[in-house]
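The structure appears below as structure tokens.
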Number of protein chains: 2
Amino acid sequence: MSQVPGKAAGDTRSRILDAGERLFMEHGFDGTSMRMITSQAGVNLAAVNYHFGTKELLIQEVFRRRLTHLNQSRLAALDQLEAEAAGVPIKPSRIVDAFFGTALRMAADVEGGGHTFMCLLGRTYTEPNEFVRQFLAEEYAECVERFLAALYRALPEVDRNEILWRFHFMMGAMSYAIAGTDALQLVTGKFDDENPSRLAPRLMSFLLGGLRAPLAEFGALK
Amino acid sequence: MSQVPGKAAGDTRSRILDAGERLFMEHGFDGTSMRMITSQAGVNLAAVNYHFGTKELLIQEVFRRRLTHLNQSRLAALDQLEAEAAGVPIKPSRIVDAFFGTALRMAADVEGGGHTFMCLLGRTYTEPNEFVRQFLAEEYAECVERFLAALYRALPEVDRNEILWRFHFMMGAMSYAIAGTDALQLVTGKFDDENPSRLAPRLMSFLLGGLRAPLAEFGALK
DNA sequence: GATTCATTAAAACGTTTGTTTGAATCATAC
DNA sequence: GTATGATTCAAACAAACGTTTTAATGAATC
């Protein structure tokens, strides 16, 4: 019998993960208490420590649950690109789509929780909790390494350091576009449509424009 | 006589603001306790409540102290552009520089605390504390409104909604470039140079490339 | 039906949180 | 020198925090 109305779907473990994912996204790690999580999940307070050990291990599991799959999808897309290319240079736009487009498609999944998770991921990039940073670094290592290598091969005439910077900028534009609640939304009101599927083509166009921009002349902006 | 070594410079109020600015940037609002702030500032615990009332009002003052000046500088730069133009359309790149370049020049001021503040500001955009959001919206309202209007005039042939989106993306790339501690930095190690002045020309080039990118064809990315 | 093991329950643990209190201290004006 | 008003101080406040404990409950095995 259900403990609370609407508790039926899913076991205790995954209900905690779902509630944590949403609350961490809305209030951050420090701003989300165990009691907030367990009451939203409709489970006993002690259940988190029983199933996950500590709050930090719960946070880690919230990320691992989806991040492993995301990066595997990215690598699978890159594998396919490289297999189809068979030695011929790959267009940078295809590589960018394999990395950022895959994330955007995950973010477009509102009902399945992908959107919530991508919001959480975006805000976590600027929330330098040491514990989470270490974990993200390990989860991302292989994926980022392979995509950077692919971009280096696709743009052999461009300085590798510049490519690194632009990957960094693209990362920012994307995570912010998904997670950011910036002054724009506050001033101008909501955008025309909340549906994240409208975001993807616009963002991809912007990212490619930035990637292809002429290199900055040397010297500091003044 | 100094209470702690190195306390000499500045009064209690500004020492609290400086300590709060740095700690909020490093650990977030909820992750920074009153005791962390007062001990770093070398003042008594009760000093924060005496001078600012509550923690939230301290946060508000940390932002107001620098944000008002930043947005005034932006508006002054835009005023000058429009005065020089005297009716002739202004190049979008000049407008972008007046908004984002001004912020980047503030972020380049490491010793004066501008860099710390811009890091804090960047992470705050994705930290949707309701109290801070409301405050940022009010502080930004006039500035964003005027810059959007300027971009609309500079790009009369582009749909205004597209400009709004791209401003949003630029906002993300910049704040993330300053505040973000993303997987890249974790995987690839620090960039060649920590000096933020190297960041500015690279980012400006990326932003303009994104702004000028061809508009996305209609329909969702697939 | 009794035993066993995993899970849930309520209650309490010791810390830390933001804030308040009332006395001590300071500089300044008379 | 004394009075005044602002500031600092040590101490304490109730509330909320993450975690632990011990008993109750559930389902499966013999």
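Not measured: the values here are computed from a predicted model. So that the names make sense, note that chain A is the first sequence line, chain B the second, and so on, each numbered from 1.
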For B:Q72, check side chain to side chain contact (heavy atoms under 4.5 Å, CB included) against everything at least two apart and list the hits. B:T68

Check whether any side-chain nitrogen or oxygen of A:T12 sits under 4.0 Å from OP1 or OP2 of C:dT8, and answer yes or no. yes

To the nearest angstrom, how far is A:N44 atom CG from C:dA9 atom C1'? 5 Å

Short of 4.0 Å, heavy atom to strand atom, which residues of residues 23-35 of chain B count as contacting DNA chain C? B:T32, B:S33, B:M34, B:R35

Contact list for residues 16-35 of chain B, test ring pair (Phe, Tyr, Trp, His ring centres under 6.0 Å), sequence neighbours left out: B:F24-B:F29

d(CG, B:L45; C1', C:dT19) in whole Å: 8 Å

Looking at DNA chain D, which of residues 46-56 of chain B put a heavy atom within less than 4.0 Å of it? B:A46, B:Y50, B:H51

One thing to verify: whether A:R146 and A:E82 come together as a salt bridge, which I'm taking to mean a side-chain N less than 4.0 angstrom from a carboxylate O. yes

Could you go through B:F169 and A:M170, starting from their C-alpha distance and side-chain angles, then the distance that decides it, and tell me whether this counts as side-chain contact (heavy atoms from CB on, under 4.5 Å)? CA-CA 9 Å; B:F169 297 152; A:M170 289 191 281; over 6 Å; no

Results of ring pair (Phe, Tyr, Trp, His ring centres under 6.0 Å) for A:F147 - residues two or more places apart only: A:F99

Atom CZ of A:R13 and atom P of C:dA6 are separated, to the nearest Å, by 15 Å

Write down the distance between CE (A:M36) and P (D:dC17), rounded to a whole number of angstrom. 8 Å

By side chain to side chain contact (heavy atoms under 4.5 Å, CB included), which residues pair with B:S93, not counting sequence neighbours? B:K91, B:L208, B:R212

Going by an N to O cut-off under 4.0 Å, is there a salt bridge joining B:E21 and B:R65? yes

Less than 4.0 Å between a side-chain N and a carboxylate O, is that true for A:R105 and A:D97? yes

Starting at CG of B:D11 and ending at C1' of D:dT8, how long is that distance when rounded to a whole Å? 13 Å

